[in-house]
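Letters A, B, ... are given to chains in the order of the sequence lines, protein chains preceding strands, and every chain is numbered from 1.
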Protein chains: 2
Amino acid sequence: MSKRVGIREVAAAAGVSVTTVSHSLSGGGQISDATRERVRSVAEGLNYAPNRLASGLRSKRSQIIGFVSDEISTTPYAGNVLLGAQEAAAANDQVLMVVNSNRNSRIEDRGIDALLQHSVDGIIYARMYHQAVKLPAALSGVPTVLLDASSDRTDLSSVVPDEEGAALTAMEHLLAAGHRRIGYLGNIDEIPATRGRLAGYRAALAAHGIPFDESLVTVGESMTAPGRDAASRVLALADRPTALFCFNDRMAMGAYQAAHLAGLEIPRDLSIVSIDNFEVLADALLPGLTSIALPHYEMGRWAIERLAAELAGEADSAPQQIQMPCPLVLRQSVGPPPR
Amino acid sequence: MSKRVGIREVAAAAGVSVTTVSHSLSGGGQISDATRERVRSVAEGLNYAPNRLASGLRSKRSQIIGFVSDEISTTPYAGNVLLGAQEAAAANDQVLMVVNSNRNSRIEDRGIDALLQHSVDGIIYARMYHQAVKLPAALSGVPTVLLDASSDRTDLSSVVPDEEGAALTAMEHLLAAGHRRIGYLGNIDEIPATRGRLAGYRAALAAHGIPFDESLVTVGESMTAPGRDAASRVLALADRPTALFCFNDRMAMGAYQAAHLAGLEIPRDLSIVSIDNFEVLADALLPGLTSIALPHYEMGRWAIERLAAELAGEADSAPQQIQMPCPLVLRQSVGPPPR
DNA sequence: CTGTTAGCGCCTTCAT
DNA sequence: ATGAAGGCGCTAACAG
């Protein structure tokens, strides 16, 4: 690293004052185009790079965004959220400072403290699956955007997936393939996705005049083994469904296994659609699993852009709470119902 | 955020100078225990928190560690690496600034530039799977530790999994179960893991006096579908193996599918061990997949701790290149060979 | 043991 | 259109 060149070396080399250099490089002030250009090329030639600690200290803008997550390690798609945020931040000349809490609020508070000590300009408060949150007290007064999380506060921007819309999309796909007897493999956690996806399931049935049949709904924890058990139960029904809409890909994998055990072939005897588009599973299953993608990357981008707009005090900087659409990703797990 | 309290308010409230406050809080200087305690409690009462931009500017220690990764989004266990690093950093009163390159060296250079502008104290240069790297020029002179990556430079610390050891562990487990005819489902990428795991496979055979049989080795891309195809080929052999050691869990999933298609039951007819311990797969497969865990979390921790030691200029701060052991995680995919 | 005095590198009035 | 000067909050000499 050696001794980095500072604004004063540039000033000396360009034969101007440090003020002029500062203005030239940051686009501010009233500097003639000629001077500005000259200073810029001198700076570039000298390989000048600003010291963000110093500029942050003076200007109260660190260009650092804090990213607070709850369980970055256990959620395979956490990387996409982070990536979306990171790329959007880079485009704004910002950088991400990441802190993970492991769902421990003491650790979370410590992490937030650390971020504030480093003078982050704002914070993305991210959950790794859609949930309702109460914002930590330490965050009051700090510009914050909620990611994959919602709260009852209307003064905060937030972005979550459109759970009900995702379920509708999944169901419409099955209905369009001709299915009328569609089971729902649901989960049991008390999270918004639980409510939203079930609501979408029912709404889709209603929209097509199909009566809701309680016996076609089985639930379990949202993992493979419970999914397998729950699926086995519906598939054992005398009048079993011809298609299954699954809460997520892990449960869908369980449904595949249950189908195998029951001697059913997918999609000939049973069609399956789920939510997550978790590629390691969806692509690997045989046949490929048709699934609704959750917009992880996009939520990451949106959160940063929203935060940037609010920090800039832009005209449209009123907080927004949005639900993002979730696209269908076609693979091979859906076919017409067996006759 | 309002106006944060600074060192001078604390000094005034405690009736001492700012120097005394600084020394009291940072543990330096010669301050009487009484004063130190008093200052500390005053600071706490005032809810003082240091401004790290200012202290970093002055002391040349930002307490920020840069984390440079290549493809955080596509690798499901990236979160564990990050988590290990983050937790270790927090324990050192450091915080992580994360930058991802998507394997694009221009983006990577920009990211590293940003980190340097923010005066990171050091950098963890991480890859998401074990590979040999050439360090970007921008990093010369910056304290750096390689994570899941190795280079030919002996002046840099690095940590990678012990690939050969992992393979040996896997093979010993199969051998201990009584298998003698063991196939290897390998991959084709030009990465250290390819070489190391194959070497471990051969070494284990040799150690038990079992001749290497080329026909038992099939390879493919390290994903499920190619794994399925490769496995189908060995399983079609007249004298098929009684066990399969797989390059990774995704290929192992392919092997499960191939076994099913061939009417073979695991582990009755075929035992399987692989490497990754990627829980979303290993736990979900039926039966559970016995797999060797890669020490992602541990590598993250180690890298930060090594970097901290080097930054502190500790006695044992000579660079180290280490290979981490990979533990066996037992599930249900291994049994005795069929008679 | 404690206090005084200079900056760290930059941005921002304010004057020219 | 450009420059001079002060200070962001803190720590590191150096004095006492």
Among residues 37-57 of chain B, which residues get a heavy atom nearer than 4.0 Å to DNA chain D? B/Y48, B/P50, B/N51, B/A54, B/S55
Which of residues 14-22 of chain A sit near DNA chain D, with a heavy atom under 4.0 Å from it? A/V16, A/S17, A/T19, A/T20
Please list every donor-acceptor pair under 3.5 Å in which a side-chain atom of residues 87-94 of chain A meets a protein atom from a residue at least two apart or in another chain.
{"unit_1": "A/E87", "atom_1": "OE1", "unit_2": "A/Y297", "atom_2": "OH", "d": "2.5"}
{"unit_1": "A/E87", "atom_1": "OE2", "unit_2": "B/N102", "atom_2": "ND2", "d": "2.6"}
{"unit_1": "A/D93", "atom_1": "OD1", "unit_2": "A/R52", "atom_2": "NH2", "d": "3.2"}
{"unit_1": "A/D93", "atom_1": "OD2", "unit_2": "A/R52", "atom_2": "NH1", "d": "3.2"}
{"unit_1": "A/D93", "atom_1": "OD2", "unit_2": "A/R52", "atom_2": "NH2", "d": "3.3"}

Looking at A/K60, does any N or O in its side chain come under 4.0 Å of the phosphate oxygens OP1/OP2 on C/dT12? no
Between D/dT2 and A/T35, is there an OP1 or OP2 to side-chain N/O distance shorter than 4.0 Å? yes
Taking only residues at least two apart or on different chains, which pairs with a member in residues 63-78 of chain B satisfy salt bridge (Lys or Arg N to Asp or Glu O under 4.0 Å)? B/D70-B/R127, B/E71-B/R103
So, using salt bridge (charged side-chain N to carboxylate O under 4.0 Å, His left out) as the criterion, who are the partners of B/R58 when residues are at least two apart? none
Residues which pass salt bridge (charged side-chain N to carboxylate O under 4.0 Å, His left out) with B/R153, listed by chain and number, not counting sequence neighbours: B/D155
B/S105: partners by side chain to side chain donor-acceptor pair (under 3.5 Å), with sequence neighbours left out: none
Would you please name every residue forming a side chain to side chain donor-acceptor pair (under 3.5 Å) with A/S158, sequence neighbours left out? none
Contacts of B/H118 that satisfy ring-ring contact (aromatic ring centres under 6.0 Å, His included) - sequence neighbours left out: none
The ring-ring contact (aromatic ring centres under 6.0 Å, His included) partners of A/Y77 (sequence neighbours excluded) come to A/H296
Between C/dT13, C/dC11, C/dC8, which one does the side chain of A/I7 approach most closely? C/dC11
Proximity to the side chain of B/S32 - top-ranked nucleotide from C/dT13, D/dC10, C/dT2: C/dT2
With no hydrogens and no angle check, just 3.5 Å: does a side-chain donor-acceptor pair link A/S22 and A/T19? no
Strictly by modelled atom types, are A/S150 and A/Q321 linked by a side-chain donor-acceptor pair under 3.5 Å? no
Mind calculating the distance between [atom1] ([X]) and [atom2] ([N]) to the nearest angstrom?
| X | N | atom1 | atom2 | result |
| --- | --- | --- | --- | --- |
| B/H23 | D/dC10 | NE2 | P | 14 Å |
| B/D33 | C/dT2 | CG | C1' | 15 Å |
| A/H118 | D/dC10 | NE2 | P | 13 Å |
| A/R8 | C/dC8 | CZ | C1' | 10 Å |

Just to be sure I understand the rule, does B/S26 reach a base, reach only the sugar-phosphate, or reach nothing, if contact means heavy atoms closer than 4.0 Å? nothing
Residues which pass side-chain contact (heavy atoms from CB on, under 4.5 Å) with B/S73, listed by chain and number, not counting sequence neighbours: A/N80, A/L83
Any donor-acceptor pair under 3.5 Å between the side chain of B/R58 and the base of D/dC10? no
Bend of the helix from C/dC1-D/dG16 to C/dT16-D/dA1 from end-axis comparison, five pairs per end, nearest 10°, comes to 40°
